[in-house]
Amino acid sequence: MDVSSTLWVLTVLGLVALISVDFFIGRKPHDVSIKEAGIWTIVWIALAVFFGLGLLIFGGGQPAGEFFAGYITEKSLSVDNLFVFVLIMAKFSVPSQYQQRVLLVGVLIALVLRTVFIVAGAAIIASFSWVFYIFGAFLIYTAWKLIQEARADEEDEEFEENKLLKAAERRFGVADRYHGTKLWIEQNGKRVMTPMLVVMLAIGTTDVLFALDSIPAIFGLTQDPYIVFTANAFALMGLRQLYFLIGGLLRKLVHLSYGLSIILGFIGVKLVLHALHESGVHVPEISIPVSLGVICGVLVVTTITSLRASKKQALKDRAEAGRAEAGRAETDRGEGTAKDSIDV
């Protein structure tokens with residue numbers, strides 16, 4: 001797409017306006033209800049769909065297809081990131097009424113930092129076509145790593161602070177408790193960070209680590225910086241509401257890692273084929289409609305199998321609990337009978 005500087009400015013201003021409205025509505029700390037989260041999730045998805053339709057009308061089928069493929073991929077990867085967000089909230093014991101503020105600011109930090117990644121990625125791709133080999137190999141490796149982690153099925157995971165976060169805590173110090181939504185306070189004559197600021201930085205910087213696979217993934221679907229940026233923006237800005245909406249369902253998506261590994265592996269192969277094609281090797285290239293179909297198909301199948309597996313596990317757990325309860329009741333009856341015999 002030939003995107004003018006005016007369109008870039010209007011797009012950024014439009015996103016800033018939407019973010020401002022979102023921030024204004026949620027400015028007062030409160031517990032986010034399922035209804036509120038559901039309404040805002042629908043709003044952000046609808047805005048993304050309208051934007052994609054606008055690309056279809058004014059830009060044609062190719063840009064629109066690339067946007068929807070990128071948006072769905074980034075949204076899917078973002079859902080996987082919510083698992084870590086849950087761990088971060090637990091690690092820092094964030095009060096429920098402050099969680100929506102933490103996520104909003106954390107996601108804004110992530111969006112700014114991702115924009116830097118996108119600009120750098122676009123510049124590298126424009127100068128060195130062979131970088132597609134690196135992106136493709138990295139995505140295939142990430143896909144394999146996801147499968148290994150899913151098979152490990154580790155329990156009782158805990159969030160570990162990254163080196164940047166630890167350095168900031170050592171440099172500025174951290175207050176011993178939350179002070180509302182304040183980010184800095186005076187303590188013993190020294191200005192220190194509050195836990196609120198620390199957890200915001202944790203959300204933002206952790207999401208940047210996730211960008212190491214999501215940014216190459218979307219560049220495997222489109223090399224247009226405008227589409228890469230807008231797909232990331234719409235996927236991230238609905239993440240806060242999605243956290244509260246499907247928080248209880250996250251544990252039920254037991255096969256999500258397998259689905260994401262298939263998607264990342266597929267895009268990795270697509271990137272390698274594209275790199276070979278750019279090098280003059282006659283190989284088939286995977287079209288956007290095929291990519292969109294594979295991504296949607298994998299997500300649908302993964303969701304269905306996850307919910308079925310979770311339902312079977314829940315039935316099994318209830319059955320085991322029932323048997324354990326029956327065993328305890330039988331033991332209690334036996335002990336009661338023995339006591340009666342002794343009393344007689």
Side-chain angles (χ1 to χ4, degrees), residues 1-5 7-9 11-12 15 55 59 62-78 80-81 107-146 162-164 204-237 260-261 263-288 291-292 295:
M1 289 180 60
D2 184 16
V3 181
S4 65
S5 57
L7 182 56
W8 267 106
V9 171
T11 301
V12 172
L15 288 171
L55 287 178
Q62 180 76 8
E66 291 177 355
F67 171 80
F68 283 119
Y71 171 73
I72 294 171
T73 299
E74 293 297 313
K75 199 72 171 177
S76 304
L77 292 169
S78 296
D80 191 43
N81 298 350
V107 166
L108 286 177
I109 294 172
L111 182 58
V112 172
L113 295 177
R114 279 197 184 203
T115 302
V116 176
F117 273 55
I118 292 169
V119 172
I124 293 172
I125 288 172
S127 303
F128 311 102
S129 60
W130 49 262
V131 78
F132 286 114
Y133 288 111
I134 299 175
F135 281 2
F138 178 73
L139 289 180
I140 293 172
Y141 167 75
T142 303
W144 175 81
K145 188 177 178 182
L146 272 178
N162 55 57
K163 293 181 179 180
L164 180 62
T205 55
T206 300
D207 190 84
V208 170
L209 296 178
F210 295 138
L212 293 178
D213 54 45
S214 65
I215 297 298
I218 195 170
F219 271 118
L221 299 168
T222 176
Q223 283 82 60
D224 191 320
Y226 182 76
I227 296 177
V228 173
F229 171 74
T230 51
N232 265 276
F234 279 108
L236 279 177
M237 291 317 302
L260 292 177
S261 67
I263 292 173
L264 291 178
F266 170 78
I267 298 176
V269 172
K270 183 179 186 297
L271 275 170
V272 172
L273 291 175
H274 178 74
L276 289 171
H277 183 78
E278 290 291 313
S279 300
V281 181
H282 295 290
V283 293
E285 285 206 84
I286 302 173
S287 65
I288 286 298
S291 299
L292 189 56
I295 292 168

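Applying the side chain to side chain contact (heavy atoms under 4.5 Å, CB included) test between Gln223 and each of Ile218, Ile125, Val228 identifies Ile125 as the sole match.
Between the CG atom of Leu271 and the CG atom of Leu139 there is a distance of 6.0 Å, given to the nearest 0.5 Å. Rounding to the nearest 0.5 Å gives a distance of 12.5 Å between CD1 of Ile118 and OH of Tyr226. Distance NE2/His282 to CG/Leu276: 12.0 Å, rounded to 0.5 Å. To the nearest 0.5 Å, atoms OG1 (Thr142) and CZ (Phe138) are separated by 4.0 Å. With values rounded to the nearest 0.5 angstrom, Leu292 atom CG is found 11.0 Å from Glu66 atom CD. Atom CD in Gln62 sits 11.5 Å away from atom CG in Leu55 (nearest 0.5 Å).
Of all the heavy atoms in Tyr71 and Ala235, the pair that sits closest is CE1-N, 3.7 Å. Nearest heavy-atom pair across Pro225 and Ala122 is CG-CB, 3.8 Å. When all heavy atoms of Ser291 and Ile286 are compared, the closest pair comes out as OG-CG2, 3.6 Å. Residues Tyr133 and Val272 come closest through the heavy atom pair CE2-O, 4.4 Å. Across every non-hydrogen atom of Ile227 and Phe67, the tightest pair is CG2-CA, 3.6 Å. In plain terms, the two heavy atoms of Ala231 and Gly70 that are nearest each other are CB-C, 4.0 Å.
Between Asn232 and Ile215, the closest side-chain pair of non-hydrogen atoms falls below 4.5 Å.
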Decide yes or no on side chain to side chain contact (heavy atoms under 4.5 Å, CB included) for Leu264 and Leu77, but give the supporting numbers first.
CA-CA 10 Å; Leu264 291 178; Leu77 292 169; 4.3 Å; yes
When you look at Leu221 and Ile295, which way does the side chain to side chain contact (heavy atoms under 4.5 Å, CB included) test go after all the steps?
CA-CA 11 Å; Leu221 299 168; Ile295 292 168; 4.1 Å; yes
Show, in sequence, the C-alpha distance, side-chain angles and deciding distance for Phe229 and Leu15, and conclude whether the side chain to side chain contact (heavy atoms under 4.5 Å, CB included) test is met.
CA-CA 11 Å; Phe229 171 74; Leu15 288 171; 3.7 Å; yes
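Residues passing the salt bridge (charged side-chain N to carboxylate O under 4.0 Å, His left out) test with Glu74, sequence neighbours excluded: Arg114.
Thr222 places no side-chain N or O within donor-acceptor distance of the main-chain N or O of Phe219, the cut-off being under 3.5 Å.
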